[in-house]
Amino acid sequence: MGTFSFSRAERIRSRKEFQGLKSKGAVFKTRKLVFNFAATTGPSRLGVVATKKMGNAVFRNRIKRWLREAFRLNKQAMARPMDLVIVPRVSELSFADIEQDLRFFQQWHREKNEKNAHRAH
RNA sequence: GAAGUUGCACGACCGACCGCCGGCGCGAGCCGGAGGAAAGUCCGGACUCCACAGAGCGGGAGGCUGGCUAACGGCCAGGAGAGGCGACUCUACGGAAAGUGCAACAGAAAGAUACCGCCCGGCAUGACCGGGCAAGGGUGAAAUGGCGAGGCAAGAGCUCACCGGGAGCGCGGUGACGCGCUUCGCACGGCAAACCCCCUCCGGAGCAAGAUCGAAUAGGGGCGCGUUCCGCCUUCGGGCGGAUAAGGGUUGCUCGCCCGAGACGCCCGGGUUGAUCGCUCGAGGCGGCCGGUAACGGUCGUCCCAGAGGAAUGGUCGGUCUCGACAGAAUCCGGCUUAUGUGCGACUUCCCCU
RNA sequence: GGCGCCUUGGCCAAGUGGUAAGGCAGAGGUCUGCAAAAUCUCCAUCUCCGGUUCGAAUCCGGAAGGCGCCU
């Protein structure tokens, strides 16, 4: 599995998994994105969502591509492997916004992880 | 130059790197990768299934003519009518002497009528009576061919010319229809996107159609109906075949047909929610030639051009331009409709200059 | 992806060619010392754009929005 690749094994595909993450997973929200996530033993996996309220099919496809691209380029910065579902909250959104929020989420997650590690010791 | 009509074309491009989907290859890698509307799902097909689709009734769709097409509610050519100064555009464009119905309000009257009037006669001189008329007024969306002249008591196709209309004949055209002549003074107007009549077409569902393999759970519960007869075999438990009954299927109904003595019908409950095929070479694209006014057809050459299944086209950098609209394939084709940026050609009307 | 259905005041709705019923809610008036009740009045581009008709919420095309079913 390449450093910047994004293969089939790195995707969340079934409806059950999406619903499981939404109901049982942890949540992190920014102004523009919602992150549903849970720790996993395998490689980190991504699921993307774009509702019909956001726009037409062309626009929804573009958002999903951006989300996947941001994950592909930044997945090495994950503190530990996780299943992650990203849902956009607003339709005013650029690729730069997505990447910025994803990095902010990763930083938050890393800090939280370190805190927990300290507590354990 | 302005306003407009119409026919087409394109749908930002190029390179590098990191990625995504499919095919080929042991591999490095190579090749291909959204649209003109992919959209709305409004028509028409192909394809697949429904123990075949057969008839009648009902229902739906279409409706000038000729052609094209696999087919169409599409396209091409033409006719008629309507709109526009014009280029040109638009038309659900069969039937109203087959029948039924509708027309509020107004108006005398909405298919057989006379309110105000006009004219004649009467004497009781009137807000009168009897008769004639349908030109004028008024109502209305619509009032019994139009306009002019003659005629008359006043009028009226009553008569005449022109226009419109009906019928007949002739000529031209495949035909819709057109033209000409004769004849009828013209008699029962409008609405069939009201019912209806006539002609043509239509079985139903849809790739979540459907086929194969595998996994898993249960071998359940309730209700409904029936428990017949015949033949053969038998280890005498039953098995096989046939006929029908109840019931069911034939997706509106009837007949007909088919299944059927229960792996029956309906409802409830439980499990799986995987893989492969269908799945992309096709009424296919491009170019030439031939036939045809054209739509289109024929023929030769050439090309292979997405096939996903949480669903593939993005990011970064560099460069160019006119700085980029509407918008994303999901079985596949032919149309229609709607959304939308830019460029080009032809034509029309008006204005200005030479 | 495919197949159906529905849009009438703020809400629930009737109307199916001829003036858009009715109820709830809201606003204003009358009544009252004030309120409630009662009573009167007001509140509609019939989702939008065309067509047929003298006349369309109604009939016929097209568009928009919403809802449901099929794995």
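Remember, predicted model here, so these are calculated numbers, not experimental data. In the text below, chain A, chain B and the rest are named by the order of the sequence lines, each starting its count at 1.
Comparing B:G19, B:G315, B:G328 by their nearest atom to the side chain of A:Val58 picks out B:G328. Among B:G315, B:G19, B:C20, the nucleotide with an atom closest to any side-chain atom of A:Arg11 is B:C20. Closest contact between the side chain of A:Arg8 and the listed nucleotides B:G19, B:U313, B:A308 involves B:A308.
When each of A:Phe95 and A:Ala57 is assigned the nucleotide of RNA chain B with its nearest heavy atom, A:Phe95 is the one assigned upstream, toward the 5' end. Nearest-nucleotide assignment on RNA chain B puts the 5′-proximal partner with A:Leu46, out of A:Leu46 and A:Trp66.
An OP1 or OP2 oxygen of B:U313 is reached within less than 4.0 angstrom by a side-chain nitrogen or oxygen of A:Arg65.
A:Asn56 comes within 4.0 angstrom of sugar-phosphate atoms only, judged by non-hydrogen atoms across all strands, and of no base.
Note on A:Lys32 versus A:Glu92: no salt bridge recorded, every NZ/NE/NH1/NH2 to OD/OE distance being 4.0 Å or above. Here A:Arg72 does not pair with A:Glu10 in a salt bridge; the nearest charged N to carboxylate O distance is not below 4.0 Å.
Look at B:U244: its glycosidic torsion is beyond 90° from 0, and that puts it in the anti range. B:G36 shows a glycosidic angle within 90° of 0 and is accordingly assigned syn. Applying the 90° criterion around 0 to the glycosidic angle, B:A275 comes out anti. Against the 90° criterion about 0, the sugar-base torsion of B:A187 places it in the syn range. Syn is the classification of B:C305, since its glycosidic angle stays within 90° of 0.
Across all strands shown, nothing is found opposite B:A154 as a Watson-Crick or G-U wobble partner with both distances under 3.5 Å. Nucleotide B:A308 has no partner under the Watson-Crick or G-U criteria, as no pair reaches both atom distances under 3.5 Å. Pairing for B:G4 goes to B:C347, judged as Watson-Crick or G-U wobble with the two contacts each under 3.5 Å. Figure legend. B:U182 is base-paired to B:A167; pairs are counted as Watson-Crick or G-U wobble with both atom distances under 3.5 Å. Both distances falling under 3.5 Å, in either a Watson-Crick or a G-U wobble arrangement, place B:C17 opposite B:G315. When both pairing distances are held under 3.5 Å, B:C26 makes no Watson-Crick or G-U pair with any nucleotide shown. For B:G256, the paired base is B:U250 (Watson-Crick or G-U wobble, both distances below 3.5 Å). Remark: C:C5 base-pairs with C:G66. Criterion, Watson-Crick or G-U wobble with two distances under 3.5 Å.
Atom name C1', nucleotides B:C303 and B:U272: the rounded distance is 47 Å, in whole Å. To the nearest whole angstrom, the two C1' atoms, one in B:C10 and one in B:C304, are 24 Å apart. Taking the C1' atoms as reference points, B:A325 lies 12 Å from B:A12, given to the whole Å. Look at the C1' atom in both B:G341 and B:A209: the space between them is 40 Å, to the nearest Å. For the C1' atoms, the distance from B:G4 to B:C88 is 10 Å, rounded to whole Å. Only the C1' atoms considered, C:U71 is 14 Å distant from B:G210, to the nearest whole Å. Comparing the C1' positions of B:G288 and B:A208 gives an interatomic distance of 47 Å, to the nearest angstrom. The gap from the P atom of B:C152 to that of B:C120 amounts to 15 Å, rounded to the nearest Å.
Look at CZ on A:Arg72: it is 11 Å from P on B:G315, rounded to the nearest Å. Atom P of nucleotide B:A312 and atom CZ of A:Arg62 are separated by 14 Å, given to the nearest angstrom. As a whole-Å value, the separation of A:Leu84 CG from B:G310 P is 18 Å. Going from atom CZ of A:Phe4 over to atom P of B:C20 covers 13 Å, rounded to whole Å. Look at CE on A:Met54: it is 16 Å from C1' on B:G328, rounded to the nearest Å. As a whole-Å value, the separation of A:Asn61 CG from B:G35 C1' is 14 Å. Atom C1' of nucleotide B:G310 and atom CG of A:Asp83 are separated by 14 Å, given to the nearest angstrom. The distance from atom CZ of A:Arg13 to atom C1' of B:C21 is 13 Å, rounded to the nearest whole Å.
Remark: side-chain polar atoms of A:Thr30 are not paired, donor with acceptor, to backbone N or O of A:Asp101 under 3.5 angstrom.
The aromatic ring of A:Phe18 stacks onto the base of B:G310, its centre lying under 5.5 Å from the centre of the six-membered base ring with the two planes under 30° apart.
Below the 3.5 angstrom threshold, one finds no donor paired with an acceptor across the side chain of A:Arg68 and the base of B:C20.
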>> Would A:Arg103 and A:Glu99 count as a salt bridge (Lys or Arg N to Asp or Glu O under 4.0 Å) here? Give the steps.
In response: CA-CA 6 Å; A:Arg103 286 190 176 134; A:Glu99 205 163 27; 3.6 Å; yes
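Aromatic pair A:Phe35/A:His109: ring centres not closer than 6.0 Å. Between A:Phe71 and A:Phe6, the gap from one ring centroid to the other is short of 6.0 Å.
At a threshold of 4.5 Å between side-chain heavy atoms, the hydrophobic network of Ile, Leu, Val, Met, Phe, Trp and Tyr places A:Ile63 and A:Leu84 in one connected group.
Within the 4.5 Å cutoff, no side-chain heavy atoms of A:Leu46 are placed close to those of A:Ile12.
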